[in-house]
Trainee: 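Provided herewith is a single structure, encoded as structure tokens, for subsequent inquiry.
In what follows, every heavy atom counts, from backbone to side chain, and hydrogens, waters and symmetry copies are set aside. Lettering follows sequence order; numbering is per chain, from 1. Quick caveat, the model's predicted, so the values are computed rather than measured.
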2 protein chains.
Amino acid sequence: MPSTVEYENLLRDAELRVTQPRLAVLDAVYENPHADTNSIIETVRGDLPDVSHQAVYDVLKAFTDAGLVRHIQPPGSVARYESRVGDNHHHIVCRSCGAIADVDCAVGHAPCLSASNDHGFVIDEAEVVYRGLCPACATESSSAQSPRKESRV
Amino acid sequence: MPSTVEYENLLRDAELRVTQPRLAVLDAVYENPHADTNSIIETVRGDLPDVSHQAVYDVLKAFTDAGLVRHIQPPGSVARYESRVGDNHHHIVCRSCGAIADVDCAVGHAPCLSASNDHGFVIDEAEVVYRGLCPACATESSSAQSPRKESRV
DNA sequence: CTCTTAACTTGATTGATTCAAGAAAAGCGC
DNA sequence: GCGCTTTTCTTGAATCAATCAAGTTAAGAG
């Protein structure tokens with residue numbers, strides 16, 4: 001949880017003006033990993049009740065362009081944002097509840113960058129989305145041997 | 001390009017009723033790899049001008065559930081569909097023009113399934129999205145050495 | 001040929017995201 | 001500190017993929 005001063009420095013280093021909405025959005029993204037835009041808007045309004053949704057959209061776009069936050073788009077979900085940038089990490093999405101967790105690269109160095117047939121494309125990045133069950137949902141579906149109720153999967 | 005009879009068999013094998021809209025959608029997906037829903041609707045209407053968009057949505061969902069087609073959601077794009085199913089292949093998306101191509105697994109067997117820290121998730125699939133430049137856009141941006149104009153990347 | 005059920009049509013609705021125009025305020029130089 | 005310029009924010013509307021709902025049609029079983 002960086003301090004306000006640290007947030008201000010982050011903004012200034014990125015050559016972005018320091019404003020209340022921006023500080024609040026930055027804090028919201030740091031405090032809520034993988035939050036969607038709407039959650040961020042609500043979190044921001046906890047501090048600044050009158051911030052417009054448009055401002056948050058604008059700020060998130062500015063942050064993404066500046067590399068301050070990362071914009072991810074898990075299949076079946078709306079846009080989400082995270083503060084962890086600069087490393088090559090991926091995500092796992094729970095099929096059942098949609099929970100998202102960070103996953104470091106399996107192999108130390110960019111793992112899947114070597115495609116077998118790249119069709120002449122110049123590949124510079126590989127993003128991996130793992131699918132599976134989060135601990136809670138996995139426990140639920142495997143331990144719920146009693147067929148009394150449909151386990152929501 | 002499978003024949004109509006082959007399409008019919010595909011449908012029957014999947015325990016789906018054979019209808020004109022379904023045959024047309026199936027053909028559209030086979031003929032237009034990675035087409036988005038709207039393109040499919042337009043293609044289908046080339047054969048059957050009065051098909052409703054809702055029918056196409058319904059059919060695509062039924063096909064996806066039955067495993068006849070695969071539903072993909074490249075970041076920054078609407079839903080797309082492809083007929084290549086059953087193998088573990090991935091996609092490369094051009095940053096510049098959005099073109100999509102298939103990419104076989106780098107390593108023969110599910111390449112990135114071994115995450116270093118899975119947070120207790122039970123991982124059963126890994127989908128890789130490669131980002132880069134398609135041959136056309138790569139040529140454009142690298143051969144344009146003259147700095148007269150901003151190369152759009 | 002009839003019946004049942006799945007599929008399709010029509011029309012409205014949702015909801016994330018974007019667009020547009022004007023008002024506010026950040027940070028510059030003075 | 002003070003005004004100026006530019007960016008940022010507010011307000012309000014629009015877009016568009018996707019979904020929902022209710023009624024009609026037609027596929028396939030018997």
Trainee: Taking the minimum atom-to-atom distance to the side chain of P21(A), which one of dT17(C), dC9(D), dT9(C) wins?
Mentor: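 My answer, after comparing the listed nucleotides, is dC9(D).
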Trainee: Scan N38(B) against the nucleic acid and name what it touches under 4.0 Å (heavy atoms): base, sugar-phosphate only, or nothing.
Mentor: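 Touches nothing.
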Trainee: Any side-chain donor paired with an acceptor under 3.5 Å for D102(A) and H34(A)?
Mentor: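 The answer is yes; a qualifying pair exists.
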Trainee: Find which nucleotide of DNA chain D each of V18(B) and A79(B) is nearest to by heavy atoms, and output the residue with the more 5' nucleotide.
Mentor: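 It is A79(B) whose nearest nucleotide is closer to the 5' end.
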Trainee: Just the rounded figure in Å: distance from C1' of dT18(C) to NE2 of H71(A).
Mentor: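 Atom NE2 in H71(A) sits about 13 Å away from atom C1' in dT18(C).
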Trainee: Rounded to the Å, how far apart are H53(A) NE2 and dT11(D) P?
Mentor: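 About 10 Å, once rounded to whole Å.
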Trainee: Rounded to whole Å, how long is the line connecting atom CG of L26(A) with atom C1' of dT8(D)?
Mentor: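 Taking atom C1' of dT8(D) as the reference, CG of L26(A) is at 16 Å.
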Trainee: In terms of side-chain heavy atoms of A55(B), which of dC8(C), dA17(D), dG28(D) is nearest?
Mentor: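 It is dC8(C).
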Trainee: Would you mind reading off the distance between R12(B) atom CZ and dA27(D) atom C1', rounded to a whole angstrom?
Mentor: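 The answer, rounded to whole Å, is 10 Å.
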Trainee: I want to check something: taking the side chain as every heavy atom from C-beta on, are R45(B) and L48(B) in contact at a cut-off of under 4.5 Å?
Mentor: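 No. Closest side-chain heavy atoms not under 4.5 Å.
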Trainee: Take the protein atom CG of L60(A) and the nucleotide atom P of dT8(D), then report the distance between them rounded to whole Å.
Mentor: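 So the two atoms are 14 Å apart, to the nearest Å.
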Trainee: Using whole Å, what does the distance between atom C1' of nucleotide dA18(D) and atom CD1 of I40(B) come to?
Mentor: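 Roughly 14 Å, once rounded to whole Å.
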Trainee: Ring centroid separation for Y81(A) and F63(A), is it under 6.0 angstrom?
Mentor: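 Not under 6.0 Å, so no.
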Trainee: Rounded to whole Å, how long is the line connecting atom CG of D58(A) with atom C1' of dA20(C)?
Mentor: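 For the pair D58(A) CG and dA20(C) C1', the rounded distance is 12 Å.
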Trainee: May I ask you to verify if any side-chain N or O of T19(A) is less than 4.0 angstrom from the OP1 or OP2 atom of dA25(C)?
Mentor: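 The answer is no; no side-chain N or O of T19(A) sits under 4.0 Å from OP1 or OP2.
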Trainee: Identify which nucleotide among dC9(D), dA26(C), dT9(C) has an atom closest to any side-chain atom of S52(B), counting heavy atoms from C-beta outward.
Mentor: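 From the listed options, dT9(C) comes nearest.
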Trainee: Do NZ/NE/NH1/NH2 and the carboxylate oxygens of R70(A) and E127(A) come within less than 4.0 Å?
Mentor: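 The answer is yes: the pair qualifies as a salt bridge.
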Trainee: With heavy-atom distances below 4.5 Å as the criterion, would you say the side chains of S83(A) and E31(A) are in contact?
Mentor: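 Side-chain contact under 4.5 Å: no.
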Trainee: Can a side chain N or O of R17(A) be found less than 4.0 Å away from OP1 or OP2 on dA25(C)?
Mentor: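 Checking R17(A) against dA25(C): no side-chain N or O falls below 4.0 Å of OP1 or OP2.
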Trainee: Report the distance from atom CD of Q20(A) to atom C1' of dG27(C), rounded to the nearest whole Å.
Mentor: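 So the CD-C1' distance, Q20(A) to dG27(C), works out to 15 Å.
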Trainee: Map Q54(B) and L16(A) onto DNA chain D by nearest heavy atom, then report which one ends up closer to the 5' terminus.
Mentor: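 Checking each residue's closest nucleotide, the 5'-ward one belongs to L16(A).
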Trainee: Reckon D36(A) touches a base, only the sugar-phosphate, or nothing at all at heavy-atom distances under 4.0 Å?
Mentor: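 No contact.
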